K.L.:
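Before I ask anything, let me first share the structure, which is written out below as structure tokens.
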Amino acid sequence: MSLFETYGTQLVGALGITALASVLSFALAIVVGTLIALARRSRWAILRVPATIYVEALRNTPALLQIFIVFFGFPAIGIIISPLTAGVIALGLNGAAYVGEILRAGLANVSPGQLEAAKTLGISRGSTLGYVVLPQAFRYVYPPLVNELLQIILGTSLLSAIGVNDLTGQSLVINSITFRTMEVFTIALVGYLIITGLVTLATRLLAKVIFKPPLPRARLRPRLLRTTGGTS
Amino acid sequence: MGWIEIWDNRIPLIDGFVLTLLLSVLAIVTSTVLGFLIALAQRAQLPVLDQIIQVYLWIFRGSPLLLQLLFIFYGAAYLGFRVNAFGAVIVGLTLYMASYIAEVFRAGFESVPAGQLEAARTLGLSRFSILRDVQFPQTLIVVLAPLFGQYIALVKYTSLASIIGFSDLLRQGQAITARIGYPFEVFFVVGVLYFLISYVLSLGAKYFEKRASRGKVART
């Protein structure tokens with residue numbers, strides 16, 4: 001494994017970039033996705049319609065195309081952004097469409113009786129949302145959200161197409177220097193399997209700590225399966 | 001705004017659209033067949049094959065499709081096979097999507113109550129007949145909607161072919177912006193074309209979702 005001796009630092013750095021891009025994209029996806037979910041359940045069509053268009057447009061076009069639009073489009077109107085920033089924005093906004101749909105299902109699962117009860121108790125609308133509705137919705141959608149996180153982690157590999165030296169990008173660089181194709185890509189593959197494995201394990205442990213009573217056993221296991229579309 | 005220039009470049013865009021469509025249709029067929037066979041094999045629970053399938057599912061679902069495509073494309077060349085971008089993408093997409101589609105079929109198989117299989121066996125139906133006449137019709141109605149969901153993902157995933165040099169729709173869009181600029185407008189048109197394919201498939205998904213729930217109501 002002399003490949004490790006020569007390129008160990010780069011590979012570990014690349015792993016760090018993959019992790020950074022994943023965390024930032026997922027954070028953006030959660031924030032924007034929550035707003036989208038709330039907008040889609042809004043009483044006002046002026047919020048509902050744009051949110052619906054947003055979700056449909058982003059879920060029905062490739063993530064790679066969206067990455068290109070941000071990366072090549074913004075410089076064309078005079079905004080210069082780095083490949084990593086462009087990639088995180090595109091992946092985050094893409095993920096937001098999926099998170100929005102997941103959370104919408106979660107919000108629909110909170111019974112309207114609870115809203116009435118909160119209103120009767122004189123709890124403000126903001127507090128009802130923050131303390132009654134959202135905690136339950138997030139609990140309900142935890143497994144699909146974990147699934148979305150895994151999809152975003154795998155999706156960061158697309159950033160290599162715009163020149164980010166993430167795990168995939170860096171292994172392409174090393175491959176073009178050394179031509180040790182099998183070794184390089186095997187290392188990258190193992191890297192991804194380790195990340196996704198660790199994240200699956202960590203989220204399972206986290207669920208045990210934060211959810212009381214615990215989530216039902218069957219729902220705890222994040223299935224690496226999505227019913228509508230993939231991040232790419 | 002560049003719309004005239006884009007119209008002048010309609011021929012490569014249409015070429016790309018056709019190739020994306022062709023790639024999608026081919027990969028849909030191959031990955032559905034492979035996914036179905038994997039689900040069948042999983043159901044049979046053969047000792048060694050079962051472990052191999054487990055490892056296959058773990059690797060292909062736990063790593064990015066792009067890396068798998070690079071592995072196949074560059075790896076085949078490294079091992080001395082002559083594979084063009086189209087072949088590499090077909091193989092990669094098939095293996096990747098089949099790992100998800102197998103899961104859809106597996107869930108579909110499980111939706112058929114075990115009692116029916118026992119009843120069929122008691123009635124003396126052959127194993128093939130049980131599969132064809134009892135399991136398959138009931139599985140089909142359940143799996144069609146999620147299958148179409150997977151097909152939408154597949155169409156979007158074909159765009160990764162552009163990275164290894166296949167002149168699909170996205171690649172043509174890139175080439176056009178490289179020539180004439182207007183990235184927003186060109187990629188907007190490309191996006192609309194992807195949306196068209198995806199939207200047709202989502203109509204299919206919606207239709208079969210309705211069909212499946214109608215069947216459920218009728219059964220109870």
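Since the model is a prediction, treat every value here as computed from it, not as a measurement. Order of the sequence lines fixes the chain letters, A, B, ..., with proteins taken first and strands second; residue numbering starts at 1 for each chain.
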K.L.:
Considering only heavy atoms and a distance below 4.5 Å, find which of B:Gly181, B:Ser198, B:Ser162, B:Ala205 pairs most often with chain A.
P.N.:
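Highest number of pairs under 4.5 Å: B:Ser198.
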
K.L.:
What do the steps show when you test A:Ser160 against B:Leu66 for side-chain contact (heavy atoms from CB on, under 4.5 Å), and what is the final call?
P.N.:
CA-CA 9 Å; A:Ser160 65; B:Leu66 178 56; 3.4 Å; yes

K.L.:
If you count heavy-atom pairs under 4.5 Å between each of A:Thr156, A:Thr186, A:Ile153, A:Val190 and chain B, which one has the most?
P.N.:
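With the most close heavy-atom pairs to chain B, the winner is A:Thr186.
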
K.L.:
When you compare the side chain of A:Leu65 with that of B:Ser159, does any pair of heavy atoms fall below 4.5 Å?
P.N.:
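Side-chain contact under 4.5 Å: no.
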
K.L.:
Of the non-hydrogen atoms in B:Tyr78 and A:Phe179, which two are nearest, and what is the gap between them?
P.N.:
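Residues B:Tyr78 and A:Phe179, closest heavy atoms: CE1-O, 3.3 Å.
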
K.L.:
Quick one, B:Ile152 and A:Arg59 - any side-chain contact, counting heavy atoms below 4.5 Å?
P.N.:
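With C-beta onward as the side chain, the pair stays apart.
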
K.L.:
With only heavy atoms counted, which part of B:Pro64 is less than 4.5 Å from chain A, the side chain, the backbone, both or neither?
P.N.:
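It is both, since atoms from each part get that close.
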
K.L.:
Take B:Leu67 and A:Ser157 through the test side-chain contact (heavy atoms from CB on, under 4.5 Å) and record every step on the way to the result.
P.N.:
CA-CA 7 Å; B:Leu67 187 67; A:Ser157 66; 5.7 Å; no

K.L.:
Which atoms of B:Leu70 come close to chain A, meaning under 4.5 Å heavy atom to heavy atom: side chain ones, backbone ones, both, or neither?
P.N.:
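Both backbone and side chain of B:Leu70 come within 4.5 Å of chain A.
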
K.L.:
Against chain B, work out which of A:Thr168, A:Ile77, A:Ile69, A:Leu193 has the most heavy-atom pairs shorter than 4.5 Å and name it.
P.N.:
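With the most close heavy-atom pairs to chain B, the winner is A:Leu193.
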
K.L.:
In terms of heavy-atom pairs under 4.5 Å with chain A, which of B:Leu170, B:Leu193, B:Ile163 leads?
P.N.:
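Result: the option with the highest number of such pairs is B:Leu170.
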
K.L.:
For A:Ile195, is it the side chain, the backbone, both or neither that has a heavy atom under 4.5 Å from a heavy atom of chain B?
P.N.:
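Contact with chain B involves no heavy atom of A:Ile195 at all.
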
K.L.:
Is it the side chain or the backbone of B:Gln174 that comes within 4.5 Å of chain A heavy atoms, both, or neither?
P.N.:
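Just the side chain, heavy atoms under 4.5 Å.
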
K.L.:
Checking B:Leu196 against chain A: side chain, backbone, both or neither under 4.5 Å from a heavy atom?
P.N.:
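Nothing of B:Leu196, per the 4.5 Å heavy-atom cut-off to chain A.
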
K.L.:
How many angstroms lie between CG in A:Leu158 and OH in B:Tyr157, if you round to the nearest 0.5 Å?
P.N.:
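Rounded to the nearest 0.5 Å, the CG-OH separation comes out at 8.0 Å.
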
K.L.:
For the residue pair B:Lys156 and A:Asn60, what are the closest heavy atoms and their distance?
P.N.:
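Closest pair (atom of B:Lys156, atom of A:Asn60, distance): CD-C, 4.0 Å.
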
K.L.:
Would you name the heavy atoms of B:Phe195 and A:Glu56 that are closest together and state the gap between them?
P.N.:
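Smallest interatomic distance, heavy atoms only, reads CE1-O, 3.4 Å.
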
K.L.:
With a cut-off of 6.0 Å (strictly less than), are more than 12 heavy atoms of other residues, nucleotides or ligands near CZ of B:Phe188?
P.N.:
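No.
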
K.L.:
Is it true that, when you exclude B:Trp3 itself, more than 12 heavy atoms of the residues, nucleotides or ligands shown sit nearer than 6.0 Å to its CH2?
P.N.:
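Correct, the count exceeds 12.
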
K.L.:
Rounded to the nearest 0.5 Å, what separates atom CZ in B:Phe60 from atom CG in A:Leu189?
P.N.:
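So the CZ of B:Phe60 and the CG of A:Leu189 are separated by 8.0 Å.
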
K.L.:
Would B:Leu65 and A:Leu154 count as a side-chain contact (heavy atoms from CB on, under 4.5 Å) if you check the C-alpha gap in whole Å, the side-chain angles of each, and the deciding distance to 0.1 Å?
P.N.:
CA-CA 8 Å; B:Leu65 173 61; A:Leu154 298 182; over 6 Å; no

K.L.:
Assign the ring pair B:Phe71 / A:Phe185 to parallel, tilted or perpendicular, where the plane angle (0 to 90°) is split at 30° and 60°.
P.N.:
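Correct class here is tilted.
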
K.L.:
Donor-acceptor pair, distance only, cut-off 3.5 Å: does the side chain of A:Thr196 make one with the backbone of B:Gly62?
P.N.:
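Answer holds: yes.
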
K.L.:
Is the count of non-hydrogen atoms from other residues, nucleotides or ligands lying under 6.0 Å from A:Ile46 atom CD1 greater than 12?
P.N.:
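Not buried by this count: 12 neighbours or fewer within 6.0 Å.
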
